[in-house]
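The structure under discussion appears below in the form of structure tokens.
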Amino acid sequence: MNIVTTPDSVLRMATAAMSRTPDERLRTVMEALTRHLHAFVQEVRLGEDEFEQALEFIVAIGQATGEKKNEVVLAADLLGVSTLVALLNNQDPQGESPAALLGPFWRAHAPLCRAGESIARCDTPGVPLEVTGVVRDTQGRPLAGAIVDAWQASPAGLYENQDPQQDDMNLRGRFETDAEGRFHFRTVRPAGYPVPTDGPCGQLLRAQQRHPNRPAHLHFMVSKPRHKVLITQVFADDDENLESDPVFGVTRRLIGRFEAQRDGQAATLQHDFVLEPGEMKFPRPPIP
């Protein structure tokens with residue numbers, strides 16, 4: 001009879017039930033996930049109380065997700081899964097990546113701005129930062145008409161959707177490259193900030209005695225038709241948390257040179273991007 005007899009028999013029956021899945025990729029992924037989950041449960045001898053706690057955590061990250069934050073994405077970030085996916089799909093010969101995790105705070109349809117415009121749309125105190133760069137293809141040719149979508153937290157460590165004191169879409173903007181592939185905008189220098197700790201992910205960090213502080217960075221999403229969308233971050237080279245980012249997002253290629261100007265009263269960042277040929281496919285926004 002095809003019934004459960006031992007712990008090992010559950011896996012055999014579960015994968016057999018999935019074998020009729022017509023979508024080959026879905027069948028492959030779900031069978032592998034099931035095998036690894038069963039192996040994990042067997043390896044750690046998962047207790048019933050622990051299983052209940054795990055289910056409560058999954059429910060809680062869903063319940064904590066809303067218009068202000070995406071706790072599910074944050075959980076994937078804190079477990080290193082988001083960075084692992086970025087590395088596997090965008091790695092160079094050394095195993096590093098020009099891409100980085102999307103993070104839980106990207107919003108689609110940021111304002112389309114003129115070259116040199118500031119994305120600080122309200123009274124946002126901080127060190128003025130001028131950002132410039134060039135977008136090229138893999139042959140080194142400049143790409144005109146590419147869209148550079150930039151977003152960041154304020155120097156207080158909050159994205160505008162978290163902070164009622166900031167205007168809508170503050171510190172967010174999209175810029176089109178010129179005929180030489182160049183882009184240019186103004187902002188304020190970002191500061192490091194803690195990932196949200198008021199939900200189940202914060203409880204997990206505290207239980208593991210991990211700090212929540214991300215190094216200062218700017219987010220970028222660079223796109224052009226017939227090219228793969230590049231999702232990345234550029235980190236401040238002088239941040240003390242570069243080697244202890246709680247979401248494991250820092251690679252050497254993503255560390256930018258933030259140069260102080262006028263005795264530290266202003267700063268500049270020059271950073272170039274390369275787009276690979278491929279489909280221009282955008283991610284789903286983690287928040288509205």
salt_bridge([X], [Y]) N-O dist < 4.0 Å:
{"X": "D168", "Y": "R107", "answer": "yes"}
{"X": "R174", "Y": "D149", "answer": "no"}
{"X": "R121", "Y": "E160", "answer": "no"}

Classify the angle between the aromatic ring planes of F273 and F183 as parallel (below 30°), tilted (30 to 60°) or perpendicular (above 60°). parallel

In terms of ring plane angle, is the pair F175 and F185 parallel, tilted or perpendicular, where the classes change at 30° and 60°? parallel

Does any N or O in the side chain of R189 come within less than 3.5 Å of the main-chain N or O of V127, such that one atom is a donor and the other an acceptor? no

For R210 and L78, indicate whether the former's side chain and the latter's backbone hold a donor-acceptor pair under 3.5 Å. yes

Tell me if the [atom1] atom of [X] is crowded by more than 12 foreign heavy atoms within 6.0 Å.
{"X": "D49", "atom1": "CG", "result": "no"}
{"X": "Q91", "atom1": "CD", "result": "yes"}
{"X": "R206", "atom1": "CZ", "result": "yes"}
{"X": "F282", "atom1": "CZ", "result": "yes"}

Go through it in stages, so that I can follow the logic: the residues are Q42 and D8, the test is side-chain hydrogen bond (donor to acceptor under 3.5 Å, both in side chains), and I'd like the CA-CA distance, side-chain angles, deciding distance and then a yes or no. CA-CA 9 Å; Q42 296 259 31; D8 291 337; 3.0 Å; yes

Show me, pair by pair, the donor-acceptor contacts under 3.5 angstrom made by side chains of residues 190-202, not counting sequence neighbours?
| from | atom 1 | to | atom 2 | distance (Å) |
| --- | --- | --- | --- | --- |
| Y193 | OH | Y159 | OH | 2.7 |
| Y193 | OH | H217 | NE2 | 3.3 |
| D198 | OD1 | K69 | NZ | 2.6 |

Indicate the atoms forming the closest heavy-atom contact of P215 with F235, along with that distance. CG-CD2, 3.6 Å

Restricting to non-hydrogen atoms, name the atom on D239 and the atom on N241 that form the minimum distance, rounded to 0.1 Å. OD1-N, 2.8 Å

Does S82 form a side chain to side chain contact (heavy atoms under 4.5 Å, CB included) with V247? I'd like the steps, not just the answer. CA-CA 8 Å; S82 300; V247 304; over 6 Å; no

Of V131, L269, T124, the residue whose pairing with T187 passes side-chain contact (heavy atoms from CB on, under 4.5 Å): V131

Close side-chain approach of N170 and Q165, heavy atoms under 4.5 Å: no

Evaluate I119 against Q152 for side chain to side chain contact (heavy atoms under 4.5 Å, CB included), listing each step before the verdict. CA-CA 10 Å; I119 61 174; Q152 68 175 91; 4.0 Å; yes

